[in-house]
Amino acid sequence: MIAFVSGPVAALAPDSAVVEVGGIGIAVQCTPNTLSGLRTGQQARLATSLVVREDSLTLYGFADDDERQVFELLQTASGVGPRLAQAMLAVHTPDALRRAVATADEKALVAVPGIGKKGAQKLLLELKDRLGEPIGAAAVGTPVTQGWRDQLHAALIGLGYATREADEAVAAVAPQAEAADGTPQVGQLLKAALQTLNRAR
């Protein structure tokens, strides 16, 4: 079991990072929120969870141990594999997921790509006694103040995009951010921005 990886970030991609550990580049699958905090060439420490399959070994990386623990707990529910668990953490923080399950907030789970109404109802039942109570007082999702543009721009630059590309991507997702019900979420905006950039290339 690889509990964490620590070292300089050698490369960043839309859904993964490569961390150099002892001269070896280790690829780690990460959510947009986790990736937005990484910069090429800078030191990083990611909590990790190794998923072993017959034909693959995949390492998933997280900003902290709490996120990794929730990732692993989510997979104890039937029908939830690592990719869906990671998608849930891409849309919601660990505390937001705990709150959604504690308050039976079906809409919060349906907001995750790949989860429908019936799937959400099933997950709420299965996860009820597994995730525990929310730890902090954070709102659902990753609330961002008016600085969402700066955070999103910095995340795109950190992923290796040119300033002009980052400017255009931020402008492209601005209507989505302004139409958001409540405060825009950087993780979701980053995903939308990356889709825009991939289409443009």
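As a basis for the values below, the full set of heavy atoms in this structure was taken, side chains included, without hydrogen atoms, waters or symmetry mates.
Contact check for Val91 versus Pro113: side-chain heavy atoms found under the 4.5 Å cut-off. Here the side chains of Glu168 and Thr196 are not in contact, with every heavy-atom distance at 4.5 Å or above. At a threshold of 4.5 Å between non-hydrogen side-chain atoms, the residues Val70 and Leu74 count as touching.
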side-chain contact (heavy atoms from CB on, under 4.5 Å) assessment of Leu124 paired with Asp105
CA-CA 8 Å; Leu124 288 172; Asp105 186 353; 5.9 Å; no
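For Val19, the side-chain contact (heavy atoms from CB on, under 4.5 Å) test picks out Val5, Val21, Leu46, with sequence neighbours left out. Every residue meeting the side-chain hydrogen bond (donor to acceptor under 3.5 Å, both in side chains) condition with Lys117, not counting sequence neighbours, appears here in chain and number order: Glu106. With sequence neighbours excluded, the residues forming a side-chain contact (heavy atoms from CB on, under 4.5 Å) with Ala193 are Leu152, Leu156, Ala169, Val173, listed by chain and number. Contacts of Glu126 classified as side-chain hydrogen bond (donor to acceptor under 3.5 Å, both in side chains), with partners at least two apart in sequence or in another chain: Ser78. Shown here are the side-chain hydrogen bond (donor to acceptor under 3.5 Å, both in side chains) partners of Asp15, two or more places apart in sequence or in another chain: there are none. Applying the side-chain contact (heavy atoms from CB on, under 4.5 Å) rule to Val9 yields the partners Leu12, Leu38, Ala44; only residues at least two apart in sequence or on another chain are considered. The salt bridge (Lys or Arg N to Asp or Glu O under 4.0 Å) test applied to Arg68 returns Asp65, not counting sequence neighbours. Remark: Asp64 pairs with no residue by the side-chain hydrogen bond (donor to acceptor under 3.5 Å, both in side chains) rule, at least two apart or across chains.
A salt bridge links Arg98 with Asp95: the distance from a Lys NZ or Arg NE/NH1/NH2 to an Asp or Glu carboxylate oxygen falls below 4.0 Å.
Sorted pairs that involve residues 16-49 and meet ring pair (Phe, Tyr, Trp, His ring centres under 6.0 Å), not counting sequence neighbours, are lacking altogether. The list of ring pair (Phe, Tyr, Trp, His ring centres under 6.0 Å) pairs with a residue in residues 95-116, not counting sequence neighbours, is empty. For residues 4-61, the ring pair (Phe, Tyr, Trp, His ring centres under 6.0 Å) pairs, not counting sequence neighbours, are Tyr60-Phe71. Judged as a side-chain hydrogen bond (donor to acceptor under 3.5 Å, both in side chains), the pairs with a partner in residues 34-55 (not counting sequence neighbours) are, in order, Thr31-Thr34, Thr34-Glu67, Ser49-Glu72.
To the nearest 0.5 Å, the span separating CD on Gln29 from CZ on Arg83 amounts to 5.5 Å. Taken from CE in Met88 to CD1 in Ile115, the straight-line distance is 4.0 Å, to the nearest 0.5 Å. Rounded to the nearest 0.5 angstrom, Ile26 CD1 and Ser16 OG are separated by 13.0 Å. The structure places NZ of Lys191 at 8.0 Å from CD of Gln195, a figure rounded to the nearest 0.5 Å.
Closest non-hydrogen pair, Pro14 versus Leu35, comes out as O-CD1, 3.2 Å.
Note: the hydrophobic cluster containing Leu125 does not contain Leu127 (ILVMFWY, side chain heavy atoms under 4.5 Å, direct or indirect links). When hydrophobic clusters are built by joining Ile, Leu, Val, Met, Phe, Trp and Tyr residues whose side-chain heavy atoms come closer than 4.5 Å, directly or via intermediates, Leu194 is not grouped with Val18. Hydrophobic cluster membership differs between Val110 and Leu123, with clusters built from Ile, Leu, Val, Met, Phe, Trp and Tyr side chains linked at under 4.5 angstrom.
Within 6.0 Å of CZ on Arg130 lie more than 12 heavy atoms contributed by other residues, nucleotides or ligands.
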